Amino acid sequence: MSVSKNSGNCSLLHPQHGAQKIYGFAGDCRSGSPLIDEIIAELLPRFDRATATLVVTQDPRERRFLLEAVVVAVLLFLIQRYCAGFLKGLGFDQMAEGHGRKATSLLTKIRSIRTQGDIASEKEETDRLVRELRKHPASELAKGSAERAVVENLVEAGATQEQAVSAAQQISESVASAK
Amino acid sequence: MIDEISYPALHQWLSTCRLLMRYHPRQGAEAASMVLGQSDRYRPGWNRVWQGSSAIHPELFVLVESGSGLTTPTLPTDVDPEKVHTVPDVPNLEFTHAWQLAQALAGQVVDLRLSEFPKHKVEQVMQTILLASKSDLYNVDKASLRKFVLAALTRMETAMNGTLNGKLLMDDFVGPVLDLIDAYLSFQIPGMVAAPLIAGLLSMQCNLPSLGPPALTPPPARKAAINHFVKVTQRMIQEREKLNVGAYYTLTYLAGLYSRAATALVSDALEVGDLTPEEQIELERIALNVDEQAAYSVSPAFTLPALFSSAQTVEWLKNRSSIRGASRGELSREHCVHPGLRAILENPIFELSNAEQVVQAYQAESASRAHMDVVETVRGQFGPIAPENRERILRGLVSLAIGYRMGEHSADDNSSGSRNE
């Protein structure tokens, strides 16, 4: 990853260290650097690799050593699931279903590649999706629905409830706090 | 109780012991060789690893590519088996750098004349490691397992008979499992032996009053035991971040045992069979989860502190960071470096520090963190017995005692009496 959460002056205002919650009112203060890069840079160092492996591994008898690019792809998938869940929580069922299908197709892609994948287009897609989400008003209901969507996917993949909730909360925080 | 980092040689020696006894001494020594870039057993492309005829998957196939890897029991159909490299066995422990280092460090620890690590104790640990290294790397010696199980069963039966006589001897009944964990923590028994034993004993504990083999364990009890180990392993990995050096590494070492015990329980369940395809996949996914937790958060933890002093570790990570183009933080997390040393590595104040300054800073970092008596936590918050199973055992023991008093279990009483004899 070449991105850094400290790139750009806006990092000085990183809301993770403050109380500001951002859904629907944060402008993108970074020029030319996608929002998703910041979210990924924030999540990547602390996201549990075992959880990422569970998402990637289709045959549980296999053991993978994940390249960072694959972990990024897993994060993109989970963020997409998060956004779809968020939209569903707001009542945009049709839109949520469409994005849910896209997330599923990304998962298929991640699982079908052995060790590396081209994720540039998925990154752009997820960036658009996060920006779309942020146009909507803040809603605890939608946030809860978004986190549940992530938790359900992770538990289905074999994560414990605690592990899944922790991952969902990390995604929630990072999506909310990115500027 | 001293924090091991107060004596750098002690910390390094204990780290070599953890490295070598976490699973099998030769495997630990090989892990160290790989970190040092001195192992050429695996080659780029597909490799075949022989696991032993009694393993669920006698052969495993490992794909090694630049910066990535895949291990699978099934060779993909598009790969020519003739072109698969067969991985040679790991070398004898005596020939390895890790063992030679452990020996030199053991001498230094003896010279420290610490009351907790007298000469005879240090020598005994070294002999145990050497002896354990002679055992088969892939198959646990059934005879030594049997010896342990029989001794444990005798103690459990004694406790059960005591219960029949009106005393509720719960602690005695579960004692053998706790003693086994103590033996692992004090390097008297390697993880390769301890994990299946613990799995077996935890299963047999739930088979009251017969104490029959693990195959007879009710599936819900086995599942509770597996889930408990997975959760406790995860909790330990989170909890260690707040702890001083000694507690951090001891807890990580214990997490290694619990993760292995969880996979041993899953193997038992798969071997017993009688599972729906959904149940089988669920169990395999649990095993995958706990295996991966251990692979990322436990296995790498012991190698650097075993091979290097704290100042050497900092230098090694700085060099690797330059070579790989990875951040120091990323690398130190990858190697599960203690948060105190991680802080030193990332703090520019220490950029030009000498070895002594690094050691002192590390000791201060460690002292600022909480201590935990890990042996004690095995009897408390990180105990091996699932709460549901503890209830189950307690209910079993109580009903035996009540049954005896009401004269309803004369047959059991007689059979237990004969066990006692």
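Please read these numbers as outputs of a predicted model, since none were measured by experiment. The sequence lines fix the lettering, A, B, ..., with proteins before strands; numbering per chain opens at 1.
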Minimum-distance pair of heavy atoms, taken over all atoms of His228(B) and Pro387(B):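 Scanning both residues, the minimum pair turns out to be ND1-CD, 3.6 Å.
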Portion of Thr57(A) that has a non-hydrogen atom of chain B nearer than 4.5 angstrom: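 When you check distances to chain B, atoms from both the backbone and side chain of Thr57(A) fall under 4.5 Å.
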Segment of Glu156(A) engaging chain B (4.5 angstrom heavy-atom cut-off):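 Backbone only.
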4.5 Å side-chain heavy-atom contact, Glu292(B) and Leu54(A):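 Heavy-atom side-chain distance check fails, nothing below 4.5 Å.
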Charged N to carboxylate O under 4.0 angstrom, [X] versus [Y]?
| X | Y | result |
| --- | --- | --- |
| Glu351(B) | Lys318(B) | yes |
| Lys123(A) | Asp127(A) | no |
| Lys102(A) | Glu125(A) | yes |

Interface residues of residues 283-291 of chain B facing chain A - heavy atom cut-off under 4.5 Å: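 The residues closer than 4.5 Å to chain A, in numerical order, are Glu284(B), Arg285(B), Ala287(B), Leu288(B), Asn289(B), Asp291(B).
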Qualifying salt bridge (Lys or Arg N to Asp or Glu O under 4.0 Å) pairs with a residue from residues 219-232 of chain B, counting only residues at least two apart or across chains: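 Counting only pairs at least two positions apart or across chains, the salt bridge (Lys or Arg N to Asp or Glu O under 4.0 Å) contacts touching residues 219-232 of chain B are Lys223(B)-Glu282(B).
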Region of Gln234(B) that comes under 4.5 Å of a non-hydrogen atom in chain A: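 The side chain, not the backbone.
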Interchain contact, Ser327(B) with chain A, by part (heavy-atom threshold 4.5 Å):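 Neither part.
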Identify every side-chain donor-acceptor pair in residues 334-346 of chain B under 3.5 Å, counting partners at least two apart or on other chains, and give the distances.
{"from": "Glu334(B)", "atom 1": "OE1", "to": "Arg324(B)", "atom 2": "NH2", "distance (Å)": "3.0"}
{"from": "Glu334(B)", "atom 1": "OE2", "to": "Arg324(B)", "atom 2": "NH1", "distance (Å)": "2.8"}
{"from": "His338(B)", "atom 1": "ND1", "to": "Gly340(B)", "atom 2": "N", "distance (Å)": "2.8"}
{"from": "His338(B)", "atom 1": "NE2", "to": "Leu243(B)", "atom 2": "O", "distance (Å)": "2.8"}
{"from": "Arg342(B)", "atom 1": "NE", "to": "Val337(B)", "atom 2": "O", "distance (Å)": "3.4"}
{"from": "Arg342(B)", "atom 1": "NH2", "to": "Val337(B)", "atom 2": "O", "distance (Å)": "3.1"}

Let me have the donor-acceptor pairs involving side chains of residues 34-43 of chain B, under 3.5 Å, with sequence neighbours excluded, atom names and distances please.
{"from": "Ser39(B)", "atom 1": "OG", "to": "Glu30(B)", "atom 2": "OE2", "distance (Å)": "2.5"}
{"from": "Arg41(B)", "atom 1": "NE", "to": "Pro88(B)", "atom 2": "O", "distance (Å)": "2.9"}
{"from": "Arg41(B)", "atom 1": "NH1", "to": "Glu30(B)", "atom 2": "OE2", "distance (Å)": "3.3"}
{"from": "Arg41(B)", "atom 1": "NH2", "to": "Pro88(B)", "atom 2": "O", "distance (Å)": "3.1"}
{"from": "Arg43(B)", "atom 1": "NH1", "to": "His85(B)", "atom 2": "ND1", "distance (Å)": "3.4"}

